[in-house]
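A short write-up of the structure that comes next.
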Number of protein chains: 2
Amino acid sequence: MEAEVATANMTASQLYAALKRDLIDGRFAAGQKLAITALRQRYRVGLSPLREALNRLAAYGLLEQENQRGFRVPALKRAELDDIADLRRRLEGLALAQALQEGGDEWEAGLLAAFHRLKRADETPGKLEHWEQMHLQFHRHLLEPCGSAWLLRFIEQLHDQFDRYRRMAPANDTIRARLNVQHGQLVDLAMARDVPAARALLEEHIRLSHEVARGACQEDRTSVEERD
Amino acid sequence: MEAEVATANMTASQLYAALKRDLIDGRFAAGQKLAITALRQRYRVGLSPLREALNRLAAYGLLEQENQRGFRVPALKRAELDDIADLRRRLEGLALAQALQEGGDEWEAGLLAAFHRLKRADETPGKLEHWEQMHLQFHRHLLEPCGSAWLLRFIEQLHDQFDRYRRMAPANDTIRARLNVQHGQLVDLAMARDVPAARALLEEHIRLSHEVARGACQEDRTSVEERD
DNA sequence: CCATAGTAAAAAATCGATTTTTTACATCAT
DNA sequence: ATGATGTAAAAAATCGATTTTTTACTATGG
């Protein structure tokens with residue numbers, strides 16, 4: 001039995017989730033045009049749920065929808081990554097400050113648990129996809145009690161955008177190690193409710209991730225059109 | 001010839017625009033369930049474009065999509081309005097500070113023009129819909145050169161959410177007059193590049209609008225289900 | 001009399017086919 | 001030879017019908 005989340009119509013929602021994952025994981029080339037027929041076969045689904053999923057993704061910003069020319073994977077633009085990272089820094093900074101004020105005992109417990117799972121995932125080399133899950137959950141949990149559902153929504157959206165770049169970028173073990181250390185320090189500062197220090201560290205954390213993600217932007221590439 | 005914006009497929013996009021307008025204008029009761037068949041007749045369209053438009057609106061946050069039970073207009077919740085207004089204040093504050101640094105001569109010219117059109121619209125009583133247009137354009141133009149496409153996107157989204165409340169709220173001519181005065185003051189402070197004062201005024205402007213919009217929330221209402 | 005199971009009507013979601021629009025190609029005129 | 005125009009193939013968008021799921025009602029048993 002699958003542990004599906006099952007919001008709204010199943011096929012369209014499953015498809016939305018699957019496509020979103022594949023887009024963020026970089027399983028489609030940036031700038032690539034998505035042929036409806038090809039997707040229909042790839043995911044073994046009918047037209048209606050497919051089109052509904054694509055429309056949702058376009059509204060979310062993970063796809064571009066052109067005049068009468070279907071859907072396209074957005075190109076990876078350095079300027080846009082910088083925008084996304086800058087905004088992430090500012091919004092997560094806001095959210096963290098509030099989260100440290102609002103978060104209670106249960107949150108502290110959950111944060112320690114999330115960090116523990118992340119650390120274990122760090123130490124397990126093969127399971128990259130599992131690490132990604134734990135990493136996302138850790139950052140989510142950190143900001144969760146900030147009190148603003150809309151702020152969290154935007155942060156999640158930016159995170160998804162950012163990850164598309166980061167996962168396309170070549171691995172950088174040096175920075176990766178530093179980022180991992182920061183997770184632990186973030187927990188300590190959060191527990192100590194040291195707002196300025198925690199905030200500064202989180203912003204530095206995002207700056208460092210940004211450096212890694214930049215590797216995804218070969219701005220000198222001459223407009224890749226198709227793939228396959 | 002209509003001046004349609006024509007993004008993506010026509011019927012679905014026209015429909016998206018029409019539904020979005022009707023939702024923000026409050027032409028559907030908050031909490032109301034949207035029957036697909038009824039909408040099909042109301043807008044004289046087929047199923048596919050309708051469902052695509054509804055899916056986009058749900059992804060945007062102007063509709064809720066329930067398990068296998070179709071689409072619903074979100075209820076007007078006081079707590080959510082407060083969240084939206086708070087975040088608007090903070091995000092527009094950020095954007096304004098940057099816009100005042102980045103905006104050039106053309107921007108100043110456009111701002112004066114937008115303000116002039118807004119003032120004219122203020123003085124014309126009957127054309128409420130026209131005033132709404134000019135008001136939106138004024139605020140858009142004010143923040144436009146802030147340099148962050150994603151920040152502007154989120155601000156627009158919050159503005160749409162906020163307006164749904166504001167337009168449902170009963171008119172308040174006293175506050176309305178004060179808000180109108182603030183528009184002129186905003187222009188002056190923007191031209192003077194007085195970042196702290198302009199920012200403080202914009203935040204106060206949003207706080208005041210928030211007061212008006214709160215009139216839309218009768219939290220004691222006993223869960224309205226259907227209308228028509 | 002209330003609760004539960006079964007059934008029929010209604011609504012939403014999905015499918016395959018049709019229509020419209022775009023793109024690629026070939027023909028003709030300059 | 002080059003550019004424009006018309007035509008055919010391909011792709012996307014839309015439609016109406018079918019299938020699935022939900023909801024409301026009824027009958028039956030406790």
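Below, read A as the first sequence line, B as the second, and so on, with proteins coming before strands; counting in each chain starts at 1.
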Distance, rounded to the nearest Å, where A:Arg40 contributes CZ and D:dA13 contributes C1': 14 Å
d(CG, B:Leu50; C1', D:dA13) in whole Å: 14 Å
Spacing between B:Glu66 atom CD and C:dA13 atom P, to the nearest angstrom: 10 Å
Rounded interatomic separation in angstrom, taking CZ from A:Arg44 and C1' from C:dT14: 18 Å
Whether B:Phe138 and B:Phe115 hold their rings parallel, tilted or perpendicular, with breakpoints at 30° and 60°: tilted
Parallel, tilted or perpendicular: rings of B:His135 and B:His139 (30°, 60°): perpendicular
Nearest-angstrom distance from the residue atom CD of B:Gln41 to P of D:dG16: 13 Å
Value in whole Å for how far the P atom of D:dG16 lies from CG of A:Leu47: 16 Å
Pairwise side-chain contact, B:Asp22 with B:Phe28, heavy-atom cut-off 4.5 Å (strictly under): yes
Salt-bridge present (B:Asp122, B:Lys119; N to O < 4.0 Å): no
Nearest-nucleotide 5' precedence on DNA chain C, B:Leu34 against A:Val45: B:Leu34
Out of D:dA13, C:dA12, C:dC15, whichever nucleotide has its closest atom nearest the side chain of A:Ser48: C:dC15
Between D:dC15 (P) and B:Tyr43 (OH): distance, integer Å: 16 Å
Short side-chain N/O contact from A:Arg51 to OP1 or OP2 of D:dA13, under 4.0 Å: yes
Residue A:Ile36, side-chain heavy atoms: nucleotide from C:dT14, C:dA12, D:dA12 that is nearest: D:dA12
Residue-phosphate contact under 4.0 Å: B:Lys33 side-chain N/O, C:dA12 OP1/OP2: yes
Candidates B:His159, B:Gln161, B:His210, B:Glu132 - the one meeting side chain to side chain donor-acceptor pair (under 3.5 Å) with B:Arg166: B:Glu132
A:Glu129 CD: over 12 foreign heavy atoms closer than 6.0 Å: yes
Pairwise distance CE(B:Met168) to CG(B:Asp25) - rounded to 0.5 angstrom: 10.0 Å
Heavy-atom protein contacts under 4.0 Å, nucleotides 19-24 of chain D, coded B base, S sugar-phosphate only, - none: --SSS-
Plane angle bin for A:His141 and A:Trp107 - parallel if under 30°, tilted between 30 and 60°, otherwise perpendicular: parallel
Axis-to-axis angle between the two ends of the helix from C:dC1-D:dG30 to C:dT30-D:dA1 (five base pairs per end, rounded to 10 degrees): 10°
For atom CD of A:Glu52 and atom C1' of D:dT14, their distance in whole Å: 13 Å
B:Leu143 side chain near B:Glu92 side chain, heavy-atom distance below 4.5 Å: yes
